[in-house]
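Just so you know, residue 1 is the first one in the sequence shown, and it goes up from there.
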Amino acid sequence: MYGRQLDVAFVKENGEALVVVNHLNFPNTYQCRGTFERFSGTECDKLTLYIYNLSAAIRGDLALGGYTTIVVRWGYADEGEILGDLFLGNIQRLIYQKVDEVTTQVVIYVYDTGEFKATSFFSGTYANGINFYQIAEEIGRQGKEEGNIETIQLSEKLKDYAVYGSKSMFGPSDEMLNEVAEESGLVYQKANNSLLILSPDEIVNQSEITVFSVYDEETGRVESRSGMIGIPKLTDTGLELECLINTKIMVYSLIQINNSVVSIEQEGAIPTAEYGAALDPDGIYVVTQISGEFNNTGDEAKMNISAVARSVFVDMYNSESDVENQTV
């Protein structure tokens, strides 16, 4: 994973794009840096982007041209020209600043709202027997423009849960989808302008796992295969890991680490049975939060990952589900 590649594009609702950072033109492209955060649940994923010394013409186009979405793509030269989506989101604010006599910067604040507008609200009342899959579809249609819900993935297991008596719902669309997921014991996620509701089983049984370290029994060494930085540690709240940016890793992705390299940094130095505070027997963990910083200037670029043991992840959600709504 070497030779970082970064692209940044602004996109209008009709699909027209303006590329302002292009790795193919490096070093003759605008310098850029940014920070991002990804969360589980309904908290919006956030991106703050800084682009330096944009021309007056481009600044004017960005301010008045009707661009609503930003796309940040990331990759490495040794992996070819295949870049992955690092962040897609809705532009919330754009600020022009003069740093010094020769440097200006445009600061862009971006939220990944899963294609829901920040003002999208849902209201509905449902009678006894209406299943949660139907409700989730209706929330998706009302919250997205033109009723397009192609980027919302719904678990078939939502059909196993239905309204008992009657149910009224009112509030932000993504919070209503999260409520449906929680009452069904499922997991709600927003990532790169898409939404999904999946069961914990579907998450922990996914086939793609990012392997951060492999133990070679012959040499007795642990080899880093995916850009791990430093030593991962187990704290009272879960596993903490630092690595190079990898666009394949999202919240609820699976990662694998040989437990022999994990530093135990819990009170009393004894892994407990509390959720998130135990080593997984197979070294497989579910990502719960990500933060990172990136740039095309040669400065430090990395991700910080928080994760919990796969072996306890399912229990975290099963214990919170509302079994009263399950159909027989």
Side-chain angles (χ1 to χ4, degrees), residues 1-10 19-23 26-27 29-40 43-54 62 69-79 82-97 99-100 103-113 190-193 210 212 224-233 235 237-253 255 257 285 287-307:
M1 301 174 72
Y2 63 85
R4 68 184 68 173
Q5 299 177 330
L6 173 66
D7 288 351
V8 177
F10 293 81
V19 179
V20 296
V21 177
N22 188 344
H23 76 278
F26 190 83
T29 189
Y30 290 106
Q31 290 190 340
C32 173
R33 67 179 177 90
T35 61
F36 62 94
E37 294 180 281
R38 292 198 177 279
F39 308 93
S40 55
E43 187 171 357
C44 278
D45 295 352
K46 302 171 184 177
L47 168 75
T48 304
L49 190 67
Y50 303 82
I51 305 176
Y52 296 96
N53 294 330
L54 281 174
L62 292 180
T69 304
I70 198 164
V71 181
V72 179
R73 311 202 74 217
W74 180 272
Y76 296 93
D78 62 324
E79 298 177 350
I82 302 175
L83 276 65
D85 291 331
L86 180 62
F87 204 99
L88 280 74
N90 301 320
I91 299 169
Q92 302 299 313
R93 194 176 182 190
L94 189 150
I95 302 173
Y96 171 72
Q97 298 176 336
V99 180
D100 54 41
T103 307
T104 63
Q105 67 180 13
V106 174
V107 186
I108 306 107
Y109 298 97
V110 184
Y111 292 158
D112 184 350
T113 57
K190 295 179 293 186
N192 288 340
N193 264 9
T210 299
F212 274 105
S224 177
R225 299 286 180 88
S226 298
M228 184 167 63
I229 301 172
I231 299 174
K233 59 184 179 181
T235 69
T237 57
L239 186 76
E240 303 293 333
L241 170 71
E242 194 171 77
C243 66
L244 298 180
I245 293 174
N246 187 336
T247 58
K248 294 180 180 179
I249 301 175
M250 304 294 292
V251 170
Y252 300 127
S253 293
I255 60 175
I257 298 175
Y285 299 85
V287 175
T288 57
Q289 186 170 333
I290 298 172
S291 63
E293 54 186 316
F294 62 91
N295 61 79
N296 63 351
T297 64
D299 293 333
E300 190 172 54
K302 61 182 181 180
M303 291 170 58
N304 296 287
I305 295 173
S306 299

With side chains defined as the heavy atoms from C-beta onward, is the minimum distance between R4 and I245 less than 4.5 Å? no
Does Q31, at its CD atom, have more than 12 non-hydrogen atoms belonging to other residues, nucleotides or ligands within less than 6.0 Å? no
Measuring from atom CD of Q289 to atom OG1 of T237, what distance do you get when rounded to the nearest 0.5 angstrom? 9.5 Å
Looking at side-chain heavy atoms only, is the closest gap between M228 and L241 below 4.5 Å? yes
All heavy atoms of K190 vs all of C44, minimum pair found to be NZ-SG, 3.9 Å
Do N90 and T69 pass the side chain to side chain contact (heavy atoms under 4.5 Å, CB included) test, and can you show the C-alpha distance, the side-chain angles, and the key distance before you say yes or no? CA-CA 5 Å; N90 301 320; T69 304; 4.0 Å; yes
Can you check whether Y96 reaches T104 side chain to side chain, under 4.5 Å on heavy atoms? yes
Using 0.5 Å steps for rounding, measure from the CD atom of Q97 to the CD atom of Q105. 4.5 Å
Does the side chain of I91 reach to within under 4.5 Å of the side chain of L62, using non-hydrogen atoms? no
Without swapping roles, check the side chain of T288 against the backbone of S306 for a donor-acceptor pair under 3.5 Å. yes
What's the shortest heavy-atom distance between A77 and Q5, and which atoms? CA-NE2, 3.7 Å
Here the gap from S291 atom OG to E242 atom CD, rounded to the nearest 0.5 Å, amounts to 9.0 Å
State, with a plain yes or no, whether a side-chain heavy atom of N295 is found less than 4.5 Å away from one of Y50. no
Is the number of heavy atoms from other residues, nucleotides or ligands under 6.0 Å of I95 CD1 greater than 12? yes
Start with the C-alpha distance between I229 and M303, add both sets of side-chain angles, then the distance that settles side chain to side chain contact (heavy atoms under 4.5 Å, CB included), and finish with yes or no. CA-CA 9 Å; I229 301 172; M303 291 170 58; over 6 Å; no
Atom pair OH/CG of Y30 and L6 - distance to nearest 0.5 Å: 15.0 Å
Could you tell me whether the side chain of T103 reaches within less than 4.5 Å of the side chain of N53, counting heavy atoms only? yes
Within-4.5 Å side-chain heavy-atom neighbours: I231 and K233: no
So if I apply the side-chain contact (heavy atoms from CB on, under 4.5 Å) rule between C32 and each of D7, V20, V8, which one comes out positive? V8
Quick one: CG on D112 to CD1 on I70, what's the gap to the nearest 0.5 Å? 12.0 Å
Is it the case that atom OH in Y111 sees more than 12 heavy atoms from other parts of the structure closer than 6.0 Å? no
Closest contact, heavy atoms only, A307 versus V287: CB-CA, 4.0 Å
Can you say whether the rings of Y76 and W74 are parallel (under 30°), tilted (30 to 60°) or perpendicular (over 60°)? perpendicular
Is any side-chain heavy atom of I51 closer than 4.5 Å to a side-chain heavy atom of I108? yes
From R33 CZ over to Y52 OH, what is the distance, rounded to the nearest 0.5 angstrom? 3.5 Å
